[in-house]
A.B. asks: 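Next up is a structure, given as structure tokens.
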Amino acid sequence: MRNTFSATLYECAKADPRVYIVVADISPAGSMAKFQTEYPERFINVGVAEQVMIGIAAGLALKGCRPFAYTIATFSLYRPFEMVRNDLGYQNLPVTVVGMGAGIIYSTLGGTHHTQEDIAVAGAIPNMQILAPCDPLECTDATRYCATENNGPMYLRIGKAGEPTLTENAVEPFVFGKLRYLRRGEDVCIISYGVIMKLAQEIADHLQSTGKSVSLVSCHTIKPLDRDGIERALHTHKHVIVIEEHAPQGGVAPQTKQIAWDTAARCRLDTFTLKDEFIHNYGSYENLLASHGISRELILAKIGNP
Amino acid sequence: MSHFQTDTEISKQRCRKFRKRILEISQQVQALHIGSAYSCTEIVDCIYYCLMHKDGDGQFLDTFLMSKGHGCMIQYAILEEIGILSRQDMDMYCKAGGRLGCHPDYGNPGIAASTGALGHGLSMALGMAYAEKAQGKNSTVYCVVSDGELQEGSTWEATLMASSLKVNNLVAFVDNNDFQSLGRTSITHPSFYPVVEKYLSFGWEAIEVDGHDTQAIYAAVKSRKGDRPLMVICKTTKGKGVSFMENVPIWHYRSPNPDEYRQALAEIGANET
């Protein structure tokens, strides 16, 4: 995703001189080298100093620019939190805070490099919007939206590198603020977002192989959440499953439960999230997810479809 | 350049008037950082009346950002005087239906950024100055920080970065009144001083002046080399101009009672405004 992010940002920067990127000693690969070479004045590396990264981005926006602030998610959101809240949220500035390698994708780097609660943290800030694309193609759409259409503070939650393409045959295009059906069915609806969508797709494939008609939905826009779209999903499927690489609080799963209650949904609803626990074990991304109860086998067993 | 009003007596008269206006407001509400406003009165006055350029329509071409947001009463008083804020705005200060509070809010006339939490302003001023330079504008961003803000790590991130980016259109002032909520800065942090050397070592131009001497503040800015950011360390007195407020921490926040108000008016020479 970070490669398509940098390729898209470079294209946007070519078209719009207001596009800047402020990085904190971590730079996306790929086209960012071209960005830096061709527009050196619009590429600012603050070094290991995340508070001033956000402050500079705010200052740029206050003078009419459309800056991106970029580093590993925990350092772009948690370390400079008050700057994100006051400078960006309170002033409602069009700055995109990019959280790269969000969730627990940096599995072996340990809990200091995990963002298990970033959606809850960012989503609690008034004015803050949240986008979490599920694959490199959707990351392109999301990045372009941030650079060209967005007019307020945004937390763009992306993976790192090597994510598979999942949306090339999606039945719907990316539309900010709307659920995106990647495939449409009638029995089961799986809602997910971000890197863990790959697992959601595997679950969908398995259920289809057992004869179920399955919808697979990318909830790329987490704030503002498409409440009407979720209500429709809850009322037009017999079974809705939310798979989320995030803590149990403040993400899509609890909000889906709330919408189900508020709208008297009658479907079965299962949610799979990370636990409200730090992760002290190591191994692959999949190993860590499994330690919190999220894997193909564990989910299929839980929903009674092994 | 004709609007620059650097005459010493006229500057003093303006500052008396602003201190009087702040005292008047202090009788309307209890929430007022009067000591903090008085310590930077001459600094902010100098920025607006002596340093910031205007275009032919009277619009400021330069930017002023009040990083020590709790001192904003002096900014409000000046913005009222020059017609950017209205008397009604000031009458409604901190009241239901009003738009001015104890800290500056972005979106209000004349306010470049929301501040109040310490340690945010210098970074935003840096971003603003960088943007204007990158856009080819010949403008300057002026920023007033408190000495308390120099204890925030974020201020030093901005200090280092401003130098690295060679942002020479950033001019900052420390309102160095040596006070913070729980007492003297120099007692809390014995290594706080010298400040000038710290900024010089971080690659800034830096100079120390009497922060209540408009001419000295003006001269410090005008005599800079201009190839790097400038920090003017302004030695000031918290509550300057009113004997019982000077260097007394409680006047960071409280408003004077009627007797204190009358005495304060007399001491600042309100009758001479």
Side-chain angles (χ1 to χ4, degrees), chain A residues 13 16-25 35-36 38-69 71 75 79-95 97 125-127 152-153, chain B residues 61-67 69 101 103-108 111-137 139-143 145 149 152-167 169-170 172 202 229:
Chain A
D16 186 349
R18 298 174 302 163
V19 174
Y20 283 66
I21 184 165
V22 190
V23 306
D25 209 37
F35 188 123
Q36 192 174 358
E38 294 177 30
Y39 310 111
E41 76 285 357
R42 289 194 271 149
F43 179 95
I44 302 170
N45 177 16
V46 299
V48 190
E50 294 82 6
Q51 297 177 96
V52 75
M53 172 182 74
I54 301 297
I56 287 176
L60 291 168
L62 285 163
K63 289 298 181 183
C65 305
R66 302 180 67 84
F68 285 65
T71 185
F75 310 126
R79 172 67 70 94
F81 177 74
E82 193 186 66
M83 283 70 190
V84 173
R85 177 189 181 272
N86 291 9
D87 301 355
L88 309 185
Y90 186 49
Q91 299 190 108
N92 200 19
L93 297 178
V95 175
V97 177
I125 302 171
N127 290 331
Chain B
L61 296 168
D62 299 318
T63 301
F64 169 59
L65 196 161
M66 188 72 160
S67 186
H103 300 105
D105 254 338
Y106 175 62
N108 280 334
I111 302 302
S114 296
T115 54
L118 299 182
H120 290 241
L122 193 61
S123 294
M124 290 194 280
L126 166 57
M128 290 175 166
Y130 185 90
E132 298 227 306
K133 200 175 168 190
Q135 292 161 2
K137 293 180 182 165
S139 59
T140 302
V141 176
Y142 297 97
C143 179
V145 301
E149 288 193 278
E152 295 281 7
S154 55
T155 299
W156 292 99
E157 290 186 12
T159 298
L160 180 63
M161 200 59 210
S163 167
S164 300
L165 289 173
K166 298 183 174 55
V167 177
N169 58 335
L170 174 62
F202 270 73

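All chains are named by letter (A, B, ...) in the order of the sequence lines, taking the proteins before the strands, and each is independently numbered beginning at 1.
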A.B. asks: Side chain, backbone, both or neither: which part of B:Leu165 has a non-hydrogen atom closer than 4.5 Å to chain A?
C.D. replies: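 The side chain, not the backbone.
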A.B. asks: Minimum heavy-atom separation for A:Gln91 and B:Ser114, please, with both atom names.
C.D. replies: OE1-N, 2.6 Å
A.B. asks: Mind listing the closest non-hydrogen atom pair of A:Lys63 and B:Thr63 along with its distance?
C.D. replies: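 So the minimum-distance heavy-atom pair works out to NZ-OG1, 2.6 Å.
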A.B. asks: Between B:Ala158, B:Ala129, B:Gly116, B:Ser123, which residue shows the highest count of heavy-atom pairs closer than 4.5 Å to chain A?
C.D. replies: B:Ser123
A.B. asks: CG of A:Leu60 to CD of B:Glu132: how many Å apart, nearest 0.5 Å?
C.D. replies: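 It is 10.5 Å, given to the nearest 0.5 Å.
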A.B. asks: So, do A:Met83 and B:Ser154 sit near enough that their side-chain heavy atoms are less than 4.5 Å apart?
C.D. replies: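 Yes. Closest side-chain heavy atoms under 4.5 Å.
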A.B. asks: Let's test your reading of the structure: which of A:Pro17, A:Gly64, A:Gly59 forms the most heavy-atom pairs below 4.5 Å with chain B?
C.D. replies: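 Winner by heavy-atom pair count: A:Gly59.
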A.B. asks: Count the heavy atoms belonging to other residues, nucleotides or ligands that lie under 6.0 Å from CZ of A:Arg85, then report whether that count exceeds 12.
C.D. replies: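 Atom CZ in A:Arg85 is not packed in, count stays at 12 or less.
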A.B. asks: When rounded to the nearest 0.5 angstrom, what is the spacing between CD in A:Glu82 and NE2 in B:His120?
C.D. replies: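 So the CD of A:Glu82 and the NE2 of B:His120 are separated by 3.5 Å.
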A.B. asks: If I compare all heavy atoms of A:Glu41 with all of B:Ala134, which pair ends up nearest, and what's the gap?
C.D. replies: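 Looks like CG-CB, 4.5 Å.
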A.B. asks: Could you report the tightest heavy-atom contact between A:Leu62 and B:Ala112, atom names first, then the distance?
C.D. replies: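 Taking every non-hydrogen atom into account, CD2-O, 3.7 Å.
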A.B. asks: Return the minimal non-hydrogen interatomic distance between B:Ala117 and A:Asn86, and the atom names on each side.
C.D. replies: CB-ND2, 3.5 Å
A.B. asks: Do B:Asp105 and A:Tyr90 have side-chain N/O donor and acceptor atoms under 3.5 Å apart?
C.D. replies: yes
A.B. asks: For B:Glu157 versus A:Val52, what's the shortest heavy-atom pair and its separation?
C.D. replies: OE1-N, 2.8 Å
A.B. asks: When rounded to the nearest 0.5 angstrom, what distance separates CE in B:Met124 from CG in A:Leu88?
C.D. replies: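 Output value for this atom pair is 9.0 Å.
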A.B. asks: Heavy-atom distances under 4.5 Å only: say whether A:Leu93 touches chain B with side chain, backbone, both or neither.
C.D. replies: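 Contact with chain B is through the side chain of A:Leu93 alone.
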A.B. asks: Would you check if A:Ile56 and B:Tyr130 make a side-chain contact, meaning some heavy-atom pair closer than 4.5 Å?
C.D. replies: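 No, side chains not in contact.
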